[in-house]
Amino acid sequence: MEKFTKLISTAVPLPIENIDTDQIIPARFLKATDKKGFGDNVFRDWRFKKDGTLDADFPINKPQYAGAKILVAGDNFGCGSSREHAAWAIVGYGFKVVISSFFADIFKGNALNNGLLPIQVTPEYLKELLAGIEANPELPITIDLENQVVETAFAKAEFEIDPYKKVCMINGYDDIDFLLSKKAEIEAFEKERMVF
Amino acid sequence: MGKTLFDKVWDAHVVDTVDNGPQILYIDKHLIHEVTSPQAFNELEERGIAVARPDQIVATADHNTPTQDQHLPIRDEMSRKQLQQLTENCEKHNITLYGLGHKYNGIVHVMAPELGITQPGMTMVCGDSHTSTHGAFGTIAFGIGTSQVGQVFASQSLLLNKPKSLRVSVNGTLAPHVSPKDVILYIISKIGTNAGTGYFCEYAGNVFEEMSMEGRMTVCNMSIEMGARGGMIAPDQTTFDYVEGRKFAPQGDAFAKAVSYWKTLPTDQDATFDKEYHFDAEDIAPMLTYGTNPGMGIKINGAIPEKGDMTFEKALEYMNFKGGAQLLDTPINYVFLGSCTNSRIEDFRIAASYVRGKHKAANVNAWLVPGSQQVAKQLEEEGLKEVFEEAGFALRQPGCSACLAMNDDKIPAGEYCVSTSNRNFEGRQGQGARTILASPLVAAATAIAGKIVDVTKEAVA
Ligand code: SF4
């Protein structure tokens, strides 16, 4: 996993609520057996029109947002299916941060396990941020993980992150590394308890 | 202070607590399928790690499998490769696989309980959000992402923060046409799709106590649709009777010993929950969804709300419904009886009792997809297969099928489908498809009438 400390980038606004993982990556793209390539199909049915051409009105497709590494989305982002492919698709497309006023549990975990930082802000801050981006698509947003702060020229907010996950993100290591270091404890536990 | 059912099972599985961080939770059973496991196997191989406890893993093929001609090679190349990879991975790592055509094959959340793999007091995970189904046994069961599948492969454990506790109680007497599916759709329509986020839910009250295991599974299955990681129901005699004698259930003395432990699991009288909801059974009616999330539900003879927020407007536009309208009499061309929510034998018995002696309407494509090979066999043995065939239903082979439309079972764009599955998201059953979630009885009645009819006005068998 890549290390994450600080990021300054523009953002794409996606002010839709309850974006579920079926929208992020539709099931028909889940047939691949590796993690690569999902970025091409992120938000597939919203990004492309029925005839297969790009929908120029969908925010991610707009030229003014090209290269943005931050996605700012409506409430309850990532609900629905537990498919981690959703996180791979977002990361694969080039995003490093998703900001919303609320994240579904499983998506949040999946994001953190793939170096994608989910930042939960208040509904008011989200609104302000969306309006700010709308007014100026080039608005730079600073994400400072160490100090748990998201900041623009006009507003600043602190965000929460699980302290353990924060250490993982900053150092670029993951849960498997940690769990393997606990092998002896896990085996001792197995010996002691009623095993099914 | 007393402990909840969830506390008891959770606490019994905590290996260690990280300072200022999550806990290491031991996992008893790990279920895997073809779609969410390949990347986890790859990860392990790239890092040179072995699967820690292959004997605690069971694999099935369900999500991406055809429901016709399962004995022939799969036509879609990517699907074929995905299944091949599952077979190879399981062979390489000594994992039991009930592949396509095996007599135990089926949707992971149907076959595991059926085989007695699911037992009270366990921790169970699967790379599928509807793993919550197994909570019907008093099991902590929840869906995980592929990275976590890899973690369980590597260590038979997961790093987790203990969720908060939520209890939903329903007491009273259900009306005759009201099924467990209606109970859970009603609950979600009342509390919304993220009321459960951050919580693990326990269902309590006489309504759940009186439910069959199949009904409890339907309820727990949809816990995720209200945002909860999982749902649980306290194990009782109904649970023990269901588990007893199943293939992988403990036998003889071991079973008696297990039961005496399972009896200690129900929530203590003085335990408290972080959040509670109470509902009266008398208020519940057969339900339908009108929108694009499972919380957008109304009573079958009710009306869609007049107005709502942006999500509401967007959903109505997608569904081509109007605020304030009723759904009764809406012509329906597709009916899907299946998915891990409602593809157990009991679901089909209810549907068959309605369908018997009738024929589906000419406009309807009615698909019936059993949850497992064992359910398919039961359909035959109980003579239900004939009932459905005579009524013009297309009987398919087991799998997830049109629940997520990963295989060829897709609902065409713009068409309505009354479906017994659990998700009515945009495009879930095929690009542009419009899903109306309902119980098996309502789905069966729709197939016969060719439109949505008020089942409360009809006699029940
Ligand atoms: S039937 Fe549907 S919800 Fe159930 S496991 Fe299959 S895809 Fe998931």
Side-chain angles (χ1 to χ4, degrees), chain A residues 15-18 20-23 26-28 30-35 44-46 50 74-76 79-88 102-107 109-114 162-165 167 174-180 182-183 185-190 193-196, chain B residues 12 15-16 18 20-22 24 26 28-29 35-36 38-39 42-43 47 49 63-64 76 78-79 81-82 85 119 121-122 127-129 143-148 150-151 154-159 161 193-194 197-198 227 229 261 293 309-311 314 404-406 423 425-428 431-432:
Chain A
I16 302 171
E17 294 185 352
N18 301 310
D20 57 71
T21 51
D22 273 83
Q23 301 319 320
R28 61 184 190 281
L30 307 188
K31 294 177 183 176
T33 51
D34 63 32
K35 291 185 188 180
R44 178 78 202 195
D45 294 340
W46 285 345
K50 290 211 172 72
D75 200 58
N76 199 23
C79 56
S81 154
S82 61
R83 61 187 70 155
E84 193 159 321
H85 312 68
W88 301 334
F102 199 84
F103 290 93
D105 278 352
I106 302 182
F107 177 80
N110 286 341
L112 287 164
N113 282 330
N114 287 281
D162 182 286
Y164 163 79
K165 280 290 170 198
V167 176
D174 65 15
D175 289 355
I176 291 193
D177 300 316
F178 183 83
L179 285 166
L180 285 175
K182 293 283 179 181
K183 209 167 173 181
E185 281 97 326
I186 294 168
E187 283 174 359
F189 176 86
E190 280 176 325
R193 61 182 292 276
M194 170 171 170
V195 175
F196 284 102
Chain B
V15 176
D16 200 0
V18 181
N20 209 358
I24 302 175
Y26 189 78
D28 294 312
K29 281 278 165 345
V35 177
T36 55
Q39 291 87 352
N42 290 350
E43 178 94 31
R47 294 162 79 150
I49 305 165
H63 280 65
N64 191 9
D76 182 87
M78 286 188 82
S79 303
K81 278 196 180 145
Q82 204 174 45
Q85 180 135 24
Q119 293 163 29
M122 280 184 168
D128 184 281
S129 52
I144 55 177
T146 300
S147 295
Q148 291 174 306
Q151 291 159 30
S155 68
Q156 202 56 37
S157 304
L158 278 174
L159 273 165
N161 292 303
T193 49
N194 61 32
T197 304
R229 273 311 275 281
Y261 169 60
N293 75 52
D309 54 9
M310 242 170 68
T311 308
K314 192 167 170 283
L404 90 165
M406 231 184 127
R423 283 182 175 151
F425 298 153
E426 279 185 28
R428 170 81 178 184
Q431 261 180 293

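Since this is a predicted model, take the numbers as computed values, not measurements.
Between the CD1 atom in Ile49(B) and the CD1 atom in Ile176(A) there is a gap of 5.0 Å [rounded to 0.5 Å]. Note that OG of Ser79(B) is 13.5 Å distant from CZ of Arg28(A), once rounded to the nearest 0.5 Å. Atom CG in Asp22(A) sits 6.0 Å away from atom CZ in Phe425(B) (nearest 0.5 Å). Between Asn293(B) atom CG and Asn18(A) atom CG the span is 5.5 Å, to the nearest 0.5 Å. Separating the OH atom in Tyr164(A) from the CG atom in Leu159(B) is a distance of 4.5 Å, to the nearest 0.5 Å. Put simply, CG on Leu180(A) and CD on Gln151(B) are 10.0 Å apart, with the number rounded to the nearest 0.5 Å.
Checked by atom type, the side-chain pair Gln431(B)/Asp45(A) shows a donor-acceptor distance below 3.5 Å.
Counting heavy atoms from C-beta on, the side chains of Arg193(A) and Asp28(B) come closer than 4.5 Å.
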Apply side-chain contact (heavy atoms from CB on, under 4.5 Å) to Leu30(A) and Asn64(B), showing your working.
-> CA-CA 9 Å; Leu30(A) 307 188; Asn64(B) 191 9; over 6 Å; no
Residues Thr36(B), His85(A); criterion side-chain contact (heavy atoms from CB on, under 4.5 Å); working and verdict = CA-CA 9 Å; Thr36(B) 55; His85(A) 312 68; 4.0 Å; yes
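Under the 4.0 Å criterion applied to side-chain N and carboxylate O atoms, Glu43(B) and Lys35(A) are assigned as salt-bridge partners. A salt bridge links Asp76(B) and Lys31(A); the closest N-O separation between the charged side-chain nitrogens and carboxylate oxygens is under 4.0 Å.
Proximity to chain B (any heavy atom under 4.5 Å) is shown, for Lys50(A), by neither the backbone nor the side chain. In this structure, chain A has heavy atoms under 4.5 Å from both the backbone and the side chain of Arg428(B). With a 4.5 Å cut-off on non-hydrogen atoms, Val35(B) touches chain A through its backbone and its side chain both.
Arg423(B) places a side-chain N or O within donor-acceptor distance of the main-chain N or O of Gly80(A), the cut-off being under 3.5 Å.
With chain B as partner, the option from Lys182(A), Arg83(A), Lys183(A) having the largest number of non-hydrogen pairs under 4.5 angstrom is Lys182(A). For chain B, the option among Trp88(A), Phe103(A), Phe102(A) with the highest count of heavy-atom pairs below 4.5 Å is Trp88(A).
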